[in-house]
Enquirer: 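Just passing along the structure, written as structure tokens.
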Amino acid sequence: MSSRFVPSLASLLLCSTALADPAREEMSYPLVSLAMPAGAVIEPGGIDLLPGQRLAVGTRRGEVWIVEGAYADPPQPKWTLFASGLHEILGVAAAADGALTITHRPGVERLRDTDGDGRADQFENISDGWGINGDYHEYAFGSRPDRNGNIWTVLCLTGSFSSEVPFRGWCLQITPAGEIIPTCSGVRSPGGIGPNAAGDMFYTDNQGPWNGSSSLKWLKPGGFVGHPDGNRWFDLAPNLGKAPASPQSNSRLVVERERVPQLVPPAVFLPHGRLGASSSGIAADTTVGKFGPFAGQMFVGDQCYSNVSRVFLEQVNGLYQGAAIMFREGFKSGCVPLRIDADGSMFYGGTARGWGSRGGQEFSLERVRWNGVTPFEIHEMRAKPDGFEFTFTQPADVKSLADTANWSASAWTYIYQSDYGSPEVDEYKPVIEKIEVAADGLSARVHVDKLTKGHIHHFTLSGVRNQGGESLVHDSAYYTLNEIPRP
Amino acid sequence: MKFAFVAALTTAFIPVALAAEPSVSIQLRTQSGLMKYDQSSVRVKPGQSVEITLENTDQLPHNLVILKEEGVFMEVAQKAWELGEKGPLKQWIPEDPRVLAHTPMIDPGQSGKVTFTAPDTEGVLDFVCTFPGHAMIMNGRILVSRAPAPALSGLTCMVFKGAWDTLPDFLALPQENKVSVDEVNDNLISLGVTPLRDQFGLVFNGGLEIPVDGEYVFHLGSDDGSRLVIDDQEVIRHDGVHPYSEKRKKVKLAAGLRRVRVEYFENGGEEALTLAWSGPGFDRVWLSKDERPPGEEFPEAILAAADGRPVMYRGFLSPSGGSRRLIAVGTPEQLHYAFDQDQLRLALLWKGSFLDAGRHWVGRGAGDISPLGFAVVERPAGEEFAVLASPDQPWPALDPRGRATRSRYRGYALDTAGAPTFRYTLDGVEIDDAIRPAGRLAEASDLLVRTLSLRAAPAGGTVYFRLGASEDAAPGAGGFWRIGGSLQVKVEGGAAPVSSHGQLLVPVTFDQGQARLQISYRWL
């Protein structure tokens with residue numbers, strides 16, 4: 001009887017917790033909209049920070065706007081047009097000398113205002129060396145400069161399905177002198193690019209062929225990140241040697257990693273239909289506490305669900321992997337760019353055009369700022385040889401933490417295939433055999449009967465309470481277990 | 001006469017569907033990159049067996065779900081969304097009593113069918129794609145009605161001859177412009193009413209029965225100019241000399257018989273005139289004999305120079321000579337051009353209106369836009385400068401992807417008035433390329449003047465500028481060469497042009513490492 005009852009109760013709880021309570025998110029991370037000039041259509045594609053608490057916002061209509069007053073409470077945004085006539089800007093990087101480097105569809109350009117009138121008057125071509133064939137889907141996302149000053153770009157496939165011109169489906173680094181360094185193949189349809197706190201570069205890719213779900217992927221130089229169509233351009237990338245072998249469709253990533261050694265699996269899946277449906281902008285928390293208890297972690301937006309998830313990463317056996325946890329919902333339009341300032345302000349650019357988004361607005365610029373109230377959240381989730389270790393942002397009630405009835409677990413993976421997306425497959429329920437709880441209630445070591453390499457391990461801590469009797473703000477965590485740590 | 005006209009209309013609206021209706025097949029498509037079906041409403045009869053085929057020409061998977069009511073599609077789509085990870089297994093079809101029928105998820109490039117029996121009573125049903133995020137724009141209506149789709153009645157046509165650039169006041173034209181007045185028996189607007197093909201005008205007058213109070217969309221397409229007038233109110237003006245394009249307008253109309261007038265003129269070249277309308281329960285019913293595929297329809301986003309500053313646009317533009325990186329510049333003088341970043345050349349020149357970016361700023365923005373104005377001149381593909389040992393050497397070819405092999409684009413700088421000077425390099429030679437209007441549109445002297453400044457002579461060989469193909473042995477009046485049939489050019493600076501492989505080449509002469517050419521482009 002109970003064995004029939006418990007799963008349905010668990011799924012009931014899952015449903016109710018999947019729709020987290022935005023009011024509880026709001027208690028620590030209030031969300032405000034930044035009003036735009038009446039009549040203007042500003043669809044953000046890239047955001048960077050300028051001195052004097054100003055923002056540079058590049059747009060899908062090819063404009064760059066400067067925003068003042070975005071940090072004020074309440075915000076008093078004042079918008080000034082800096083540049084126009086560019087083509088679907090999906091990357092903005094401000095340099096110390098005042099230049100703005102933008103990544104747009106045709107290439108990477110450096111914009112300068114040399115006469116000081118507040119408008120760009122020099123549009124210098126840094127590189128336009130990749131192909132575009134006129135297909136709308138051939139988006140180009142660009143990072144801010146890495147430690148070498150290089151802009152990392154990820155180039156969407158033609159129509160998001162094939163690579164019809166050079167370097168569609170690639171990550172290219174563009175040096176300050178305009179040289180192209182082919183860096184990774186296997187890209188499908190990116191939604192954002194940016195480094196983690198350690199400076200390694202990541203991008204998000206969207207559910208589709210060879211991508212069972214949207215995910216956050218590590219751009220390991222020389223790596224192949226999953227979609228084979230762009231591999232036809234390896235003759236243009238002599239620095240990377242031979243093209244990887246073609247993966248077999250209708251397989252699993254863990255199987256194909258054996259066949260294709262260059263294949264770098266997604267660091268973290270953002271499970272489709274659970275955390276979102278279209279991963280986009282990336283921001284690392286390098287604020288050292290100004291943005292709350294998540295210093296060093298990453299944040300990933302979703303263009304369809306108009307939300308932001310939080311990602312904890314660790315390296316195991318040379319690969320990145322980790323956990324994704326819902327962070328903030330209730331934005332007014334679908335996320336594309338995401339940027340966190342050192343003061344603890346997160347800026348979120350929204351655009352619904354072409355794909356549809358939750359939230360009801362066609363476009364937006366929104367701000368989330370930590371108000372100093374620490375939410376009760378899972379802080380970190382680390383893989384162990386026979387389970388996971390969880391830490392918390394506040395002491396949990398030790399009794400509730402130690403009770404296995406307050407926890408549930410499931411695990412699944414996706415088909416690695418040329419068809420669009422994947423259902424969740426190979427699912428099973430790991431049995432929680434033992435929970436060791438720290439006396440301070442800040443961590444718990446969970447032992448399960450079986451871990452599976454390549455599976456997403458989903459834990460729901462629905463019954464865990466803090467010492468005030470409150471549940472976790474977000475009680476679900478999804479850990480992508482590329483590698484099982486050795487004992 | 002008038003009495004008979006009304007009686008005929010009334011007859012046409014008597015319900016006739018007493019016997020079982022034959023089944024009907026309807027073709028729907030998804031529009032690539034727009035997240036829309038190609039029809040927002042379709043018409044069926046009560047009790048009819050309906051088969052709808054959905055052809056998915058988009059790059060995302062879609063389905064087609066028929067609902068039993070109108071106005072509930074968002075609620076049903078929301079329930080589909082809540083399926084979460086179970087959605088793909090269930091084809092994103094929620095368990096909801098309002099679902100009448102549905103296709104499975106249809107992958108890109110595939111087709112799927114749904115069959116159902118229309119309700120026995122007249123009314124309206126929703127259809128929708130329930131894949132998460134799509135429903136807000138990807139939906140439509142099925143009108144279940146016995147009435148046939150409405151058409152024009154009592155149509156007449158006046159034919160005029162004359163040469164115009166814009167619509168004249170037809171009714172004020174003198175007698176010598178009038179050719180004929182006739183009834184149009186099939187009540188369809190058509191250019192077949194006259195054998196004239198150039199320099200003529202038409203005025204159609206007829207009645208249109210508005211079935212119910214509501215919003216109606218008229219789609220007026222023409223080459224050249226046209227306008228639509230309903231009960232003496234202008235609804236659409238699509239004036240001027242232009243290639244075929246469609247304009248549309250939504251209007252509120254009260255039920256009853258309205259007077260419709262369509263005016264049209266054709267100056268020269270190709271000609272076309274189409275009219276369709278959509279309303280509650282019907283979509284793009286043709287009122288003209290000529291039917292053009294709907295194309296995609298976009299709200300206008302007209303770009304124009306403002307505050308005396310040029311406007312620049314880099315979205316995909318055609319004709320492009322194979323380049324995907326054209327930089328269009330719209331000037332306050334209404335003399336426009338496009339510079340080619342891929343091939344380092346002046347690619348297009350045109351006059352009048354600059355561009356309509358509507359296609360690019362709606363949905364995912366798929367496809368190219370074209371110059372909105374007139375007198376569009378397309379220049380030949382290929383780099384315009386080359387370093388050659390002799391003028392007989394073949395001109396450098398583009399690479400297989402239509403990009404320059406010798407010249408390299410460096411960017412542009414804007415002057416204080418916002419006008420760009422493009423910069424590129426060729427074998428170590430730095431080239432500044434500034435194209436500016438001289439005169440304005442509609443002035444007899446309008447032209448585009450291009451100043452090319454070169455620095456650092458090449459180490460070997462001569463720099464040549466390719467002026468274009470000319471059949472003339474010498475320039476004509478004012479020093480202008482005719483090139484390409486629609487353009488004439490004058491060169492100042494450089495040595496005398498030489499003819500090579502059918503092209504006029506201008507040898508560039510350097511003085512202390514500097515050279516300057518000035519090219520004037522005048523429309524013929």
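Naming convention: chains lettered A, B, ... in sequence-line order (proteins, then strands); numbering from 1 in each chain.
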Enquirer: How far apart are the closest heavy atoms of C304(A) and P132(B), and which atoms are they?
Expert: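 In terms of heavy atoms, the two residues are closest at SG-O, 4.2 Å.
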Enquirer: Which bit of L89(B) comes within less than 4.5 Å of chain A, counting heavy atoms only: side chain, backbone, both or neither?
Expert: side chain
Enquirer: Find the one option among R423(B), R309(B), M312(B) whose heavy-atom pairs under 4.5 Å with chain A are most numerous.
Expert: R309(B)
Enquirer: For R112(A), which atoms come within 4.5 Å of any heavy atom of chain B: side chain, backbone, both, or neither?
Expert: neither
Enquirer: Against chain A, work out which of P108(B), G411(B), P61(B), G363(B) has the most heavy-atom pairs shorter than 4.5 Å and name it.
Expert: G363(B)
Enquirer: Count the heavy-atom pairs under 4.5 Å between each of E124(A), R119(A), R110(A) and chain B, then report the option with the highest count.
Expert: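 The residue among E124(A), R119(A), R110(A) with the greatest pair count is R119(A).
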Enquirer: Using non-hydrogen atoms only, which part of R401(B) is less than 4.5 Å away from chain A: side chain, backbone, both, or neither?
Expert: side chain
Enquirer: Check each atom of A352(A) against the heavy atoms of chain B and say whether the ones under 4.5 Å are side chain, backbone, both or neither.
Expert: neither
Enquirer: Please identify, among S422(A), S84(A), G273(A), G178(A), the residue contributing the most non-hydrogen atom pairs under 4.5 Å to chain B.
Expert: G273(A)
Enquirer: Using a 4.5 angstrom heavy-atom cutoff, name the option from R60(A), H104(A), E43(A), E88(A) with the most pairs to chain B.
Expert: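 Among R60(A), H104(A), E43(A), E88(A), the one with the most close pairs to chain B is H104(A).
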Enquirer: Would you say the side chains of Q59(B) and Y136(A) form a donor-acceptor pair under 3.5 Å?
Expert: yes
Enquirer: Dump the intermediate steps for side chain to side chain contact (heavy atoms under 4.5 Å, CB included) on W412(A) and E85(B), then the final yes or no.
Expert: CA-CA 12 Å; W412(A) 68 86; E85(B) 74 277 12; over 6 Å; no
Enquirer: I need the minimum non-hydrogen distance between I132(A) and R324(B), along with the two atoms involved.
Expert: O-CG, 3.1 Å
Enquirer: Using non-hydrogen atoms and a 4.5 Å limit, figure out which bit of D399(B) sits close to chain A: side chain, backbone, both or neither.
Expert: neither
Enquirer: Looking at chain B, which one of G131(A), G421(A), G356(A) has the largest number of heavy-atom pairs inside 4.5 Å, strictly under?
Expert: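 Among the listed options, the one with the most contacts to chain B is G356(A).
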Enquirer: Given side chains that start at C-beta, do those of W81(B) and R358(A) come closer than 4.5 Å, heavy atoms only?
Expert: yes
Enquirer: To the nearest 0.5 Å, how far apart are CG in N125(A) and CZ in F422(B)?
Expert: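 Between atom CG of N125(A) and atom CZ of F422(B) there are 12.0 Å.
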Enquirer: Kindly compute the distance separating CD (E138(A)) from CZ (F316(B)), expressed to the nearest 0.5 Å.
Expert: 6.5 Å
Enquirer: Determine whether Y409(B) and D128(A) satisfy the following criterion, side chain to side chain contact (heavy atoms under 4.5 Å, CB included), listing intermediate values before the conclusion.
Expert: CA-CA 8 Å; Y409(B) 175 71; D128(A) 58 3; 4.0 Å; yes
Enquirer: Contact part of F161(A) toward chain B, heavy-atom cut-off under 4.5 Å: side chain, backbone, both or neither?
Expert: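 When you check distances to chain B, only side chain atoms of F161(A) fall under 4.5 Å.
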Enquirer: Just so I understand: if I count every heavy-atom pair under 4.5 Å between each of M136(B), R403(B), H134(B), H360(B) and chain A, which residue has the most?
Expert: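 Among the listed options, the one with the most contacts to chain A is R403(B).
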Enquirer: Under 4.0 Å between a side-chain nitrogen and a carboxylate oxygen: does that hold for E109(A) and R314(B)?
Expert: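 Counted as a salt bridge, because a side-chain N and a carboxylate O are separated by less than 4.0 Å.
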Enquirer: Please name the residue in the list D415(B), T416(B), L414(B) that meets the side-chain contact (heavy atoms from CB on, under 4.5 Å) test with D121(A).
Expert: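 Of all the options given, the one that passes is L414(B).
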Enquirer: Using the benzene-type ring in the case of Trp, are the ring centres of H87(A) and Y313(B) under 6.0 Å apart?
Expert: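 Ring-ring flag for H87(A)/Y313(B): false, centres at least 6.0 Å apart.
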Enquirer: So for atom CG, which belongs to D307(B), do other residues, nucleotides or ligands contribute more than 12 heavy atoms lying within a distance under 6.0 Å?
Expert: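 It does not: D307(B) CG has 12 such atoms or fewer within range.
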Enquirer: In the structure I gave you, are the side-chain heavy atoms of K86(B) and P423(A) within less than 4.5 Å of one another anywhere?
Expert: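 Side-chain contact under 4.5 Å: no.
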Enquirer: Under a 4.5 Å cutoff for heavy-atom pairs, which residue among N133(A), V165(A), T114(A) has the most contacts with chain B?
Expert: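 Ranked by contacts with chain B, first place is N133(A).
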Enquirer: Might you point out which heavy atoms bring R353(A) and G365(B) nearest each other, and give the distance in Å?
Expert: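 So the minimum-distance heavy-atom pair works out to NH1-N, 4.4 Å.
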